[in-house]
Amino acid sequence: MSVRSSSFAALAAVAAIALPMAGVVALNDSLGSGPPDPVRPVTAAAGPGRTDVMANLFEWNWTSVASECTGVLGPAGYAGVQVSQPADSLKRTELGNGSDTVLHPWWEIYQPVSYELTSRMGTEAEFRAMVKTCRKAGVKVYVDAVVNHMTGQGSLSYGGRKYSHFEYDGLYDAADFHQKGTDCPSASGGIEDYNNLQQVRKCELVGLADLRTEKPEVRDQLAKYLNKLIGYGVSGFRVDAAKHVGQEDLIALENKLNRTVDGDRPYVALEVFGGGPGVLSPQAFTGAGSAVLGLDADIQIKNAFKSYPADATGSLATLKGFGAGSGLVASDKALTFVQNHDTERNGDALNYKDGATNILANQFLLGYGYGTPQVYSSFAWDTADDSPPSDKDGFVTDTDCSSKAWVCVDADQAVTGMVAFHNHVGGAPVRNWWDDGGNLIAFSRGSAGWIALNNDKTAHTATFSTGLSAGTYCDVTTGKVAKGKCSGTTVKVAAGGKAQVTVPAKAAVAFTKADRV
Ligand code: ARE
Ligand code: CA
């Protein structure tokens with residue numbers, strides 16, 4: 001016992017030294033630039049571990065996030081919540097040109113104006129209270145951080161500030177932004193080619209004033225902002241447009257960050273869409289933060305659960321080996337999800353309109369255990385620009401999960417049951433994979449839990465090897481064990497681990513060792 005644990009400790013120590021070094025060497029090699037970064041990299045950051053699930057409550061206001069933490073996320077076993085960009089931002093006062101019909105599109109928040117936290121989601125005091133409440137409920141808070149740019153339009157913010165493209169009172173002026181000609185080589189000053197390194201880093205992303213993140217004073221302002229959030233109890237960040245900041249500037253910024261209130265390095269998940277060559281690829285960013293967003297993973301999930309024409313389905317059997325085995329970054333380097341706010345709209349991913357298929361895909365992600373899984377819950381929309389439910393001034397109104405205006409996937413029993421499953425099975429490996437070559441699959445997580453998923457429109461019955469010992473188990477997707485009784489469907493596992501199970505159409509059946517009745 002003592003021999004085992006000490007050799008584990010030794011291994012962990014080696015890994016802790018070796019991994020970040022490897023990240024830095026690879027990074028500097030690929031950039032072909034000077035000496036290795038002298039500052040300690042943060043790739044070994046403690047973040048949500050393999051057994052931790054995050055909810056992404058996109059554009060929920062702060063008081064609604066707080067009540068979800070207390071009422072749903074904490075009790076269900078979510079370890080973290082990602083909240084929206086909290087800094088003061090553009091508030092539009094008139095419609096744009098052309099087909100623009102939404103005065104306060106959701107994306108106003110991606111145009112920060114100051115690092116004071118008066119936003120569509122609430123006040124700075126409400127933000128701080130939310131972090132406190134969530135932490136008390138056992139849920140750590142991760143913030144969407146926009147560090148690449150400021151605004152691309154407008155002149156007034158939610159906090160009542162006036163600004164112009166290159167002038168942000170007391171924060172930045174023109175000398176803090178990349179300029180066409182001097183820094184940015186494109187004719188328009190915008191990114192015209194997403195495969196061009198200089199353009200991607202130093203030109204304007206969709207017309208957003210691009211910060212000189214290589215400049216010490218700019219890095220200091222950004223670090224001051226992020227450290228303020230850390231001081232409020234925030235545990236990490238989703239870094240927006242990380243591809244456009246670049247590895248060097250990200251590492252330099254992260255090295256200025258304080259430890260969290262728990263004493264950990266902040267968890268940093270980088271937003272890097274796939275498809276770019278070499279240093280612009282998500283793989284090339286795995287050494288520049290704790291993780292990258294699973295933006296290729298959600299495409300694979302969509303393709304397996306739904307392909308085109310729209311009424312066809314892909315095939316769940318294709319998901320055998322999903323993860324590093326299907327070309328994605330290593331599991332501990334990915335923050336994964338079935339969709340986020342971009343991919344639910346751009347066709348890359350499933351979205352809430354896929355109904356039961358979307359729930360099933362979330363169950364697969366939680367059951368399978370690739371990456372740090374995130375469950376996305378947000379508002380319903382008709383057009384891609386739609387505002388979240390708001391008052392006439394654009395301030396987001398309270399989330400109401402019983403109304404059609406909001407989609408609370410995080411609170412669905414079929415999903416919370418799988419959060420518990422995920423936490424229970426921890427890092428146990430996928431075993432006993434079974435598929436019918438089509439849309440019925442099953443696998444166990446070691447001998448800790450078992451799940452079957454059916455993406456067909458009809459129920460299927462088969463005999464499976466569950467990897468669990470004989471007994472009667474409670475299906476976590478339909479119920480819970482309370483006082484020795486299961487409130488949902490039960491499954492009998494025979495000696496040898498075999499079970500005959502009927503998996504309903506577009507549904508899963510799942511249980512862990514702990515769900516025995
Ligand atoms: C809005 C208007 C624009 C206007 C601009 C400035 O829509 O017409 O020019 O304002 O006034 C979000 C919205 C944008 C919005 C922006 C600012 O999506 O529509 O612009 O907020 O309000 C690339 C980036 C990636 C980025 C995507 C959108 O690499 O980082 O484009 N994603 C993040 C967020 C977005 C957000 C921003 C960044 C900006 O998640 O929600 O924009 O903060 C290939 C490339 C990718 C490229 C992708 C685009 O895959 O390889 O690099 O992603 O195409 O689909
Ligand atoms: Ca940039």
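From a predicted model like this one, the values you see are computed outputs, not experimental measurements. We number each residue from 1, following the sequence as shown. When a ligand or atom number is given, it counts from 1 through the structure's own listing order.
Compare Asp100, Val206, Val272, Asn340 by their heavy atoms: the one nearest to atom 6 (C) of ligand 1 is in Val206. For atom 33 (C) of ligand 1, the nearest non-hydrogen atom from the set Asp144, Asp240, Asn195 comes from Asp240. Across His244, Gln153, Glu108, Gln85, heavy-atom proximity to atom 11 (O) of ligand 1 is greatest for Gln153.
For atom 32 (N) of ligand 1, the closest heavy atom belonging to the protein is Glu271 OE2, 2.8 Å. Among all protein heavy atoms, the one lying closest to atom 17 (C) of ligand 1 is Gln111 NE2, 3.4 Å. Protein heavy atom at the shortest distance from atom 31 (O) of ligand 1 is Leu205 CD1, 4.0 Å. With respect to atom 47 (C) of ligand 1, the closest heavy atom belonging to the protein is Tyr194 CE2, 4.0 Å. Distance from atom 36 (C) of ligand 1 to its nearest protein heavy atom, with residue and atom name: Tyr110 CG, 3.9 Å. Of the protein's non-hydrogen atoms, Asp342 OD1, 2.7 Å is the one closest to atom 41 (O) of ligand 1. Closest to atom 27 (C) of ligand 1, if we only count protein heavy atoms, is Phe273 CE1, 4.1 Å. Given atom 51 (O) of ligand 1, the protein heavy atom at minimum distance is Lys243 NZ, 2.9 Å.
At a 4.0 Å heavy-atom cut-off, ligand 1 does not touch Thr151 at all. Of the heavy atoms in Arg238, only side-chain atoms (C-beta onward) come closer than 4.0 Å to ligand 1. By the criterion of a heavy-atom distance under 4.0 Å, both the backbone and the side chain of Trp107 are placed next to ligand 1.
Rounded to 10°, the angle formed at the Ca ion (ligand 2) by Asp210 OD1 and Asn148 OD1 is 80°.
Taking backbone and side chain together, Val200 holds no N, O or S atom under 3.0 Å from the Ca ion (ligand 2).
Applying the 4.0 Å criterion to heavy atoms of Ala241 picks out, from ligand 1, the atoms 30 (O).
Below 30°, between 30° and 60°, or above 60°: for Tyr225 and Tyr115 the angle between ring planes is below 30°, a parallel geometry.
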Test ring pair (Phe, Tyr, Trp, His ring centres under 6.0 Å) applied to Tyr194 and Phe273, step by step | CA-CA 10 Å; Tyr194 280 96; Phe273 267 96; 9.0 Å; no
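Per-atom contact check: atom 55 (O) of ligand 1 does not touch the protein, criterion being a heavy-atom distance below 4.0 Å. Protein non-hydrogen atoms do reach within 4.0 Å of atom 1 (C) of ligand 1.
Ligand 1 does not have Asn346 within reach: every non-hydrogen atom of the residue lies 4.0 Å or more from it.
Listed by chain and residue number, nothing satisfies the side chain to side chain contact (heavy atoms under 4.5 Å, CB included) test with Ala129 (two or more places apart in sequence, or in another chain).
Looking at ligand 1, you won't find any N or O of Trp106 less than 3.5 Å from one of its N or O atoms.
His244 contributes O as its N, O or S atom closest to the Ca ion (ligand 2).
Between Phe285 and Gln247 there is a side-chain heavy-atom pair separated by less than 4.5 Å. No side-chain heavy atom of Tyr368 sits less than 4.5 Å from a side-chain heavy atom of Pro373.
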